[in-house]
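Before any comments, here is the structure.
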Amino acid sequence: MTDRKAERLMMRMMAARGIGAMTYQDGQTDLTITLPEDLIGAVSAPQAGRFTLWTPGGAEPTFPRRVAAGEILACLRVGPLLLPVSAPAEGTCLPPLAEEGDLVGFGELLF
């Protein structure tokens, strides 16, 4: 697991447990994570497919970012189809857990 992916997973676990901030330090690492108060919550894959941050809007997404309810966050490529992955509510969306091109299963946590 990459450091970036581990950090995103840590953010998800913090959000699930209601932890707003944490600091980790050891001899070589100094990490502080503070979560926004208005997180949109978990977003899972509606179907199996290849994860892509490319969306029909075409803009390069940045995270964390404010999103509207129903806004397309990413897509799942299933053969020639692109299935949208949408925000369930208005709020702040954290970086995705899946990497570009990852094969994800139904119900897998994406955001």
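Starting from 1, each residue takes its place in the sequence as its number.
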Quiz prompt | Side chain to side chain, V85 and V43, heavy atoms closer than 4.5 Å | solution = yes

Self-check item: Set of side chain to side chain contact (heavy atoms under 4.5 Å, CB included) partners for A15, sequence neighbours left out
Solution: L35, L39

Quiz item: Less than 4.5 Å apart, any side-chain heavy atom of L73 and any of I40?
Solution: yes

Practice problem: Work out which heavy atom in P88 is nearest to a heavy atom in A69; give both atom names and the distance. | Solution: O-CB, 4.4 Å

Exercise. Could you go through the side-chain hydrogen bond (donor to acceptor under 3.5 Å, both in side chains) check for E71 and S86 one step at a time?
Key: CA-CA 5 Å; E71 182 176 333; S86 302; over 6 Å; no

Self-check item: Spatial distance of atom CE (M22) from atom OG1 (T34) [nearest 0.5 Å]
Solution: 10.0 Å

Quiz item: When you look at CE of M10, are more than 12 heavy atoms from neighbouring residues, nucleotides or ligands closer to it than 6.0 Å?
Solution: no

Exercise. Compare all side-chain heavy atoms of V104 with those of L76 and state whether any distance is below 4.5 angstrom.
Key: yes

Quiz item: Mind checking whether M11 and I19 sit in one hydrophobic cluster, side chains of I, L, V, M, F, W, Y counted as touching below 4.5 Å?
Solution: yes

Quiz item: Out of curiosity, does L31 fall in the hydrophobic cluster containing L94 (side-chain heavy atoms, cut-off under 4.5 Å, transitive links)?
Solution: yes

Exercise. Looking only at non-hydrogen atoms, find the nearest pair between A87 and A68 and report the distance.
Key: CB-O, 3.5 Å

Quiz item: Is there a path of hydrophobic side-chain contacts, each under 4.5 Å between heavy atoms of I, L, V, M, F, W or Y residues, that connects M13 with L97?
Solution: no

Self-check item: Minimal non-hydrogen separation, F51 against P96, with atom names
Solution: CZ-CB, 3.7 Å

Self-check item: Where P84 and P46 come nearest, the two heavy atoms and their spacing
Solution: O-CG, 4.2 Å

Self-check item: Closest approach of R65 to I72 (non-hydrogen atoms, all atoms of both residues)
Solution: NH2-O, 3.7 Å

Quiz prompt | Heavy-atom closest pair, residues T52 and E100 | solution = OG1-OE2, 2.5 Å

Self-check item: Between CG on residue L83 and CD on residue Q47, distance to nearest 0.5 Å
Solution: 5.0 Å

Self-check item: Residue pairs passing the side-chain hydrogen bond (donor to acceptor under 3.5 Å, both in side chains) test where at least one lies in residues 35-45, sequence neighbours excluded
Solution: D38-R66, D38-T92

Quiz prompt | Under 3.5 Å: donor-acceptor pair, side chain of D26, backbone of Q28 | solution = yes

Quiz prompt | R50 side chain vs R77 backbone, donor-acceptor pair below 3.5 Å | solution = no

Quiz item: Take atom CZ in F63; do more than 12 heavy atoms of anything else shown fall under 6.0 Å from it?
Solution: yes

Practice problem: Decide yes or no for L82 and W54: does some side-chain heavy atom of the first lie under 4.5 Å from some side-chain heavy atom of the second? | Solution: yes

